[in-house]
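Here's the structure, in structure tokens; my notes come after.
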Amino acid sequence: MSNSDDSSAGPRRRARPVRLLTAAVFALAGLIFVTSFNTSKGTNIRTDASLLKLSDLIQERSQNNLELEKSTATARDQVDALAARDNGSTRAEEAKLAALRAASGTEEITGKAVTVTLNDAPPNATARIPNVPEPQPNDLVIHQQDLQAVVNALWQGGAQGIQVMDQRLISTSAVRCVGNTLILQGRVYSPPYKVSAVGDPGALKKALAASPALQNYQLYVNAYGLGWKVDEHKALTLPGYSGTVDLHYAKPLEPATP
């Protein structure tokens, strides 16, 4: 070959790695597109559909729990009626049992009461008073500790019974918040949250005012507009707790056999 042929062959040999690299990039891109298609199954994977499905599932389970509570309450009434017919107890024993039922929260109760309503701050809330920093997102929503503080104060004030939203509290009830929702005894609620207590309204409101946790909450009410309202009732009926009363507890592991 002549020198001209050799010089023309050189650049082509040097260009081959570039062409191979380009082909590899296209192959990798194709693999990514195929993987994305298989993952999404032809749907838009950037939508909130999965979150909506989860929300729907939570609401469905909450409704199922409500229906189960109703059936449990019916079965309990039937059992109580049979037990009352056949137990052969004395009047004193029946009175003692009635007192225990009232204390347990499974019996309906009526009397003077107060209702506390807590709510998130308005959208786009800003500082309402001078020399207060602009709020962070957590400053504008109701937290588990706020609800628990209300419940604790009402018990401290001598409440004979407490209801959160539409459910009566018993000794095993747990007020828990996940994100911006309340989960109580298997059911899900959104703000505003209402807590009602039967008892002496004066003593109940005094206990609310004396709670250090709620005094701190009032600072955020004044600064950012968190919702706080206390209503007094001449007569209010709280339903009895209708859910299961079975206890769930941890069990120790059996020691391993040598």
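For this chain, numbers begin at 1 and follow the sequence in order. Excluded from the calculations below are hydrogen atoms, water molecules and symmetry mates; all remaining heavy atoms, backbone and side chain alike, are included.
Checked by atom type, the side-chain pair Gln185/Tyr241 shows no donor-acceptor distance below 3.5 Å. Counting only N and O atoms by type, the side chains of Asn152 and Gln148 include a donor and acceptor under 3.5 Å apart.
In this structure, Leu169 and Leu184 have side chains that are in contact, with non-hydrogen atoms separated by less than 4.5 Å. Side-chain contact between Leu226 and Ile142: present, with at least one pair of heavy atoms (C-beta onward) separated by less than 4.5 Å. With a 4.5 Å cut-off on side-chain heavy atoms, Leu147 and Leu118 count as touching. Using a 4.5 Å heavy-atom threshold, the side chains of Tyr224 and Arg128 count as separate.
To the nearest 0.5 Å, atom OG1 of residue Thr110 and atom CG of residue Leu238 are 7.5 Å apart. Rounded to the nearest 0.5 angstrom, Lys206 NZ and Ser211 OG are separated by 14.5 Å. The line from CG of Asp120 to NE2 of His143 is 8.5 Å long, rounded to the nearest 0.5 Å. Note: Thr237 OG1 to Glu108 CD = 5.5 Å, rounded to the nearest 0.5 Å.
Between Glu232 and Lys112, no side-chain nitrogen of the basic residue sits less than 4.0 Å from a carboxylate oxygen of the acidic one, so the salt-bridge criterion is not met. In summary, Arg187 and Asp166 engage in a salt bridge, as defined by a charged side-chain N under 4.0 Å from a carboxylate O.
Between the side chain of Asn216 and the backbone N or O of Ala213, no donor-acceptor pair lies under 3.5 Å. Side chain of Ser173 to main chain of Ile170: a donor-acceptor pair is present (N/O by atom type, distance under 3.5 Å, no hydrogens or angles).
Closest approach of Leu204 and Leu154 over heavy atoms only: CD2-O, 3.5 Å. Among all heavy-atom pairs drawn from Val114 and Lys205, the shortest one is CG1-CG, 4.1 Å.
Annotation: Tyr189, atom OH; neighbour count of heavy atoms from other residues, nucleotides and ligands within 6.0 Å is above 12.
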